[in-house]
**Student:** 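Just passing along the structure, written as structure tokens.
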Amino acid sequence: VHTRARTRVTMIRFVVLVNKQGQTRLARYYEELTVDERCPMEAEIVRKCLARGEAQCSFLEFRNYKVVYRRYASLFFIVGVDGAENELGILEFIHALVETMDRFFENVCELDIMFHLEKAHFIVDEMITNGCIVDTNKANILDPVNILDKASA
């Protein structure tokens with residue numbers, strides 16, 4: 001009798017963008033957490049990422065998450081994933097997210113995220129659905145964002 005091997009889907013649990021002072025500029029969660037659970041957890045993760053030196057790797061373990069982060073200019077892109085997720089794959093995802101935002105905002109910066117938060121969320125939502133990466137193709141991601149941008153102008 002063959003039993004089907006159960007494959008566990010690894011997934012992204014959260015995406016957080018913060019500045020060098022630790023102020024959250026964008027946060028998207030893909031699991032149910034109350035605000036009372038989210039805020040202290042996010043603050044602790046951000047503190048840990050900001051305290052790490054340039055020579056240290058961009059991965060750390062926090063509770064039941066693997067945290068993968070990367071700094072681009074004044075923004076830290078922080079992604080929390082399941083323990084079985086591939087860290088290098090998530091670094092590639094972060095890079096794709098930054099490149100996509102760069103193309104849309106023409107060299108993304110903290111102010112772009114602050115003043116166009118809904119568009120930044122829309123880009124993230126085009127790339128991640130229910131915690132799974134669904135697309136990393138910049139053109140596919142930006143087509144609906146550009147349509148929305150033109151319609152609102």
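Just so it is clear, the model here is predicted, and its values are computed rather than measured.
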**Student:** State, yes or no, whether a side-chain contact exists between Arg28 and Ile128 at a heavy-atom distance under 4.5 Å.
**Tutor:** no
**Student:** Would Phe122 and Val98 show up in the same hydrophobic cluster when neighbours are defined by side-chain heavy atoms closer than 4.5 Å?
**Tutor:** yes
**Student:** Please tell me if the side chains of Leu17 and Thr24 come closer than 4.5 Å, counting only heavy atoms from C-beta onward.
**Tutor:** no
**Student:** Can you find a heavy atom in the side chain of Met127 that is under 4.5 Å from one in the side chain of Asp135?
**Tutor:**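 Sidechains of Asp135 and Met127: no contact.
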**Student:** Between CG of Leu75 and CE of Met101, what distance do you get to the nearest 0.5 Å?
**Tutor:**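 That separation rounds to 9.0 Å.
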**Student:** With a 6.0 Å cut-off on the ring centroids, do Tyr72 and Phe77 count as close?
**Tutor:** yes
**Student:** Same cluster or not: Val81 versus Met11, using hydrophobic residues (I, L, V, M, F, W, Y) connected whenever any side-chain heavy atoms lie under 4.5 Å apart?
**Tutor:**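 Yes; Met11 is reachable from Val81 via cluster members.
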**Student:** Would Asp149 and Lys119 pass as an ion pair if we require N to O under 4.0 Å?
**Tutor:** yes
**Student:** How long is the span from the CZ atom in Arg25 to the CD atom in Glu110, to the nearest 0.5 Å?
**Tutor:**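 If I round to the nearest 0.5 Å, the distance is 4.5 Å.
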**Student:** Can you see whether Glu42 engages Tyr29 through a side-chain donor-acceptor pair at a distance of less than 3.5 angstrom?
**Tutor:** yes
**Student:** With a sphere of 6.0 Å drawn around NZ of Lys138, does it hold more than 12 non-hydrogen atoms of other residues, nucleotides or ligands?
**Tutor:**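 Counting other residues, nucleotides and ligands, NZ of Lys138 exceeds 12 neighbours.
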**Student:** Would you mind reporting whether Val79 and Tyr65 have side-chain heavy atoms less than 4.5 Å apart?
**Tutor:** no
**Student:** Taking the side chain as everything from C-beta on, heavy atoms only, tell me whether Met41 gets closer than 4.5 Å to Leu33.
**Tutor:**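 SC-SC contact between Met41 and Leu33 confirmed.
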**Student:** Are Ile94 and Tyr69 close enough, and set up right, to give a side-chain contact (heavy atoms from CB on, under 4.5 Å), and what steps lead you there?
**Tutor:** CA-CA 8 Å; Ile94 292 170; Tyr69 70 94; 5.6 Å; no
